[in-house]
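One structure below.
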Amino acid sequence: MSFINTPTFCSLILLCLAVFLWAAPAALADGEPFGKTADGTPVELFTLKNKNGVVVKLMTRGTTIVELLTPDKKGQLANIALGFDDVAGYESDRNQYFGCVVGRVANRIAKGKFTLGGKEYQLAINNKPNHLHGGVKRNLDKVIWKGEEVKSKHGPGVRFSYTSPDGEEGYPGNVKFEVTYSLNDKNELRIDFQAETDKATPINLSQHCYFNLAGAGAATVLDHELTLNADRYTPVDDTLIPTGKIAPVKDTPLDFTKPRTIGDEFDKLIDTATKGIDHNFVLNRTGDGLTFAAKLRHPGTGRVLTAQTTQPGVQVYSGNFLQGQKGKDGKTYAQRSALCLETQHFPDSVNQPSFPTVILQPELRYRHTCVYAFSTE
Ligand code: GLA
């Protein structure tokens with residue numbers, strides 16, 4: 001004699017299944033295939049959209065913004081971020097950090113050297129005579145991250161994670177990185193960066209998107225108007241390493257404390273080491289919360305981009321080294337045809353005792369938020 005008859009048994013199984021499905025965490029969707037790297041690793045693409053037609057496409061290689069559609073004052077959508085059609089484009093030497101996250105340490109480290117805990121570290125010299133944007137092969141813009149869809153109070157998003165092993169690109173510590181992009185209906189693209197380490201190590205992450213608000217591929221960015229919330233900047237030597245001074249922007253071509261066309265005094269910067277704007281601005285801030293950093297406006301289309309950050313600085317780079325390479329949709333990216341607003345710590349902070357530290361200790365967590373907001377005027 002059985003204690004339970006077949007229909008009751010089936011009902012119990014169904015009930016257990018229902019309870020399991022109810023209690024299990026919501027499945028996180030994978031991205032769509034976006035092709036493969038040269039060594040055959042699949043790359044995925046995630047798409048964020050909001051009710052105003054803003055579209056952000058992100059790939060798992062380097063957590064890269066591959067496409068960014070925003071409306072102009074007539075409601076016309078255009079892609080405003082430089083990029084490529086496929087993974088091969090991103091793997092080619094036409095790619096100058098388009099749309100990716102740079103690190104472990106964004107920007108330059110003098111001669112690729114730093115000393116930590118009594119030990120000297122030598123990193124790759126990939127921007128002679130210095131180290132730039134984390135290295136050459138396994139820097140964060142080149143590795144394949146794991147992507148997952150997430151829902152947060154900041155809107156639907158994609159969380160990318162990557163664990164960089166101790167010694168990767170010469171940096172100490174096993175470091176767990178997370179970069180989460182979310183898009184809300186206020187047209188705010190929020191980027192939350194986090195890192196944890198098991199050994200003291202320098203961390204300075206940044207988003208390296210190149211913007212042209214007239215549409216990626218438009219001939220110049222010098223016709224855009226720029227405002228920066230920065231009374232000071234960090235002057236650099238001939239190799240773009242800070243001298244250690246913090247100088248006022250007043251009475252220099254770098255004074256964007258009031259809205260000004262980028263091209264205004266640009267000729268005064270062309271024959272300098274930076275060949276244009278390629279400077280770290282020290283943000284005017286009180287406290288360590290989100291602070292307004294920059295506003296970029298294109299008068300013709302009315303498109304406006306603002307950047308807010310929790311970081312002490314913003315590297316403003318006017319695409320002085322763009323080479324006229326072919327990019328997405330057959331567009332050409334001329335020299336100075338885009339602007340990067342890279343929120344971050346100051347360059348070469350590992351060797352500059354007077355700058356805020358970029359050393360992450362094992363018991364702490366690196367956090368950085370950057371919000372790019374899109375509107376029209
Ligand atoms: C950064 C640097 C520039 C340049 C670009 C990449 O923004 O500040 O000097 O190296 O990256 O081409």
Side-chain angles (χ1 to χ4, degrees), residues 62-65 81-84 89-112 123-136 139-142 169 191 204-212 216 221 226 228 230 233-243 254 262 266 269-282 293-294 296 307 309 311-325 327 333-352 355 358 368 370 372:
T63 88
T64 300
I65 298 174
L82 273 54
F84 297 99
Y90 285 96
E91 288 190 313
S92 74
D93 56 13
R94 287 175 288 149
N95 184 11
Q96 296 173 297
Y97 306 95
F98 288 180
C100 60
V101 161
V102 280
R104 299 184 182 190
V105 176
N107 220 312
R108 291 175 176 78
I109 294 180
K111 309 220 164 53
L123 309 168
I125 305 300
N126 55 333
N127 188 249
K128 275 188 190 158
N130 303 316
H131 175 82
L132 176 70
H133 293 331
V136 281
N139 29 326
L140 296 182
D141 60 287
K142 293 200 179 69
E169 283 295 345
I191 308 156
N204 182 29
L205 305 182
S206 190
Q207 225 302 334
H208 205 289
C209 193
Y210 287 72
F211 299 101
N212 186 310
V221 80
L226 179 65
L228 297 175
Y233 75 110
T234 52
V236 289
D237 69 12
D238 284 352
T239 72
L240 308 197
I241 293 295
T243 60
L254 300 172
I262 297 177
F266 204 84
L269 295 166
I270 287 180
D271 293 328
T272 66
T274 56
K275 299 186 165 26
I277 307 174
D278 194 354
H279 295 82
N280 168 63
F281 290 82
V282 176
L296 185 66
T309 185
Q311 296 294 282
V314 60
Q315 179 83 15
V316 182
Y317 170 57
S318 56
N320 315 307
F321 304 117
L322 288 172
Q323 305 150 344
Q325 61 264 66
Y333 300 144
Q335 188 183 29
R336 305 190 182 107
S337 67
L339 192 84
C340 302
L341 293 167
E342 308 161 40
T343 64
Q344 59 186 272
H345 269 257
F346 308 162
D348 197 34
S349 289
V350 275
N351 295 308
Q352 305 271 354
F355 290 177
V358 291
H368 162 185
C370 167
Y372 293 127

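It should be emphasised that the depicted structure is a prediction, and the values quoted were computed from it without experimental measurement. Counting convention: from 1, in listed order, for ligands and their atoms alike.
In summary, the side chains of His279 and Thr234 do not present any donor paired with an acceptor at a separation below 3.5 Å, with no hydrogens or angles considered.
For atom 1 (C) of ligand 1, the nearest non-hydrogen atom of the protein is His133 NE2, 3.2 Å.
Proximity to Tyr97 (heavy-atom distance under 4.0 Å) selects the following atoms of ligand 1: 6 (C). Heavy-atom contacts of Phe321 reach the following atoms of ligand 1: 4 (C), 9 (O) (cutoff under 4.0 Å). In summary, the atoms of ligand 1 found under 4.0 Å from a heavy atom of Leu132, numbered by their order in the structure, are 10 (O). Ligand-side atoms of ligand 1 in range of Glu342: 1 (C), 7 (O), range being under 4.0 angstrom from any heavy atom. When each atom of ligand 1 is checked for a heavy atom of Asp278 under 4.0 Å away, the hits are 2 (C), 3 (C), 8 (O), 9 (O). Listed by atom number, the atoms of ligand 1 under 4.0 Å from Tyr210 heavy atoms are 6 (C), 12 (O). For ligand 1, the atoms closer than 4.0 angstrom to any heavy atom of Arg108 are 2 (C), 3 (C), 8 (O), 9 (O), 10 (O).
Of the possible polar contacts, none joining the Asn127 side chain to the Asn130 backbone as a donor-acceptor pair under 3.5 Å is found.
The distance criterion of under 3.5 Å between nitrogen or oxygen atoms is met by His208 with respect to ligand 1.
Using cut-offs of 30° and 60° for the angle between ring planes, the Phe98 and Tyr210 rings count as perpendicular.
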- Message: Set out, in order, the CA-CA distance, both residues' side-chain angles and the distance that settles ring pair (Phe, Tyr, Trp, His ring centres under 6.0 Å) for His133 and His208, then state yes or no.
- Response: CA-CA 10 Å; His133 293 331; His208 205 289; 5.0 Å; yes

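For the side chain to side chain contact (heavy atoms under 4.5 Å, CB included) test, residues two or more places apart in sequence or in another chain that qualify with Ala334 are Ser337. In terms of the side chain to side chain contact (heavy atoms under 4.5 Å, CB included) criterion, residue partners of Asn126 (sequence neighbours excluded) are, by chain and number, Tyr97, His131, Leu132, Val136.
In this structure, Lys111 places its NZ atom where only 12 or fewer heavy-atom neighbours from other residues, nucleotides or ligands lie under 6.0 Å away.
Using a 4.0 Å heavy-atom cutoff, Phe98 is absent from the residues neighbouring ligand 1.
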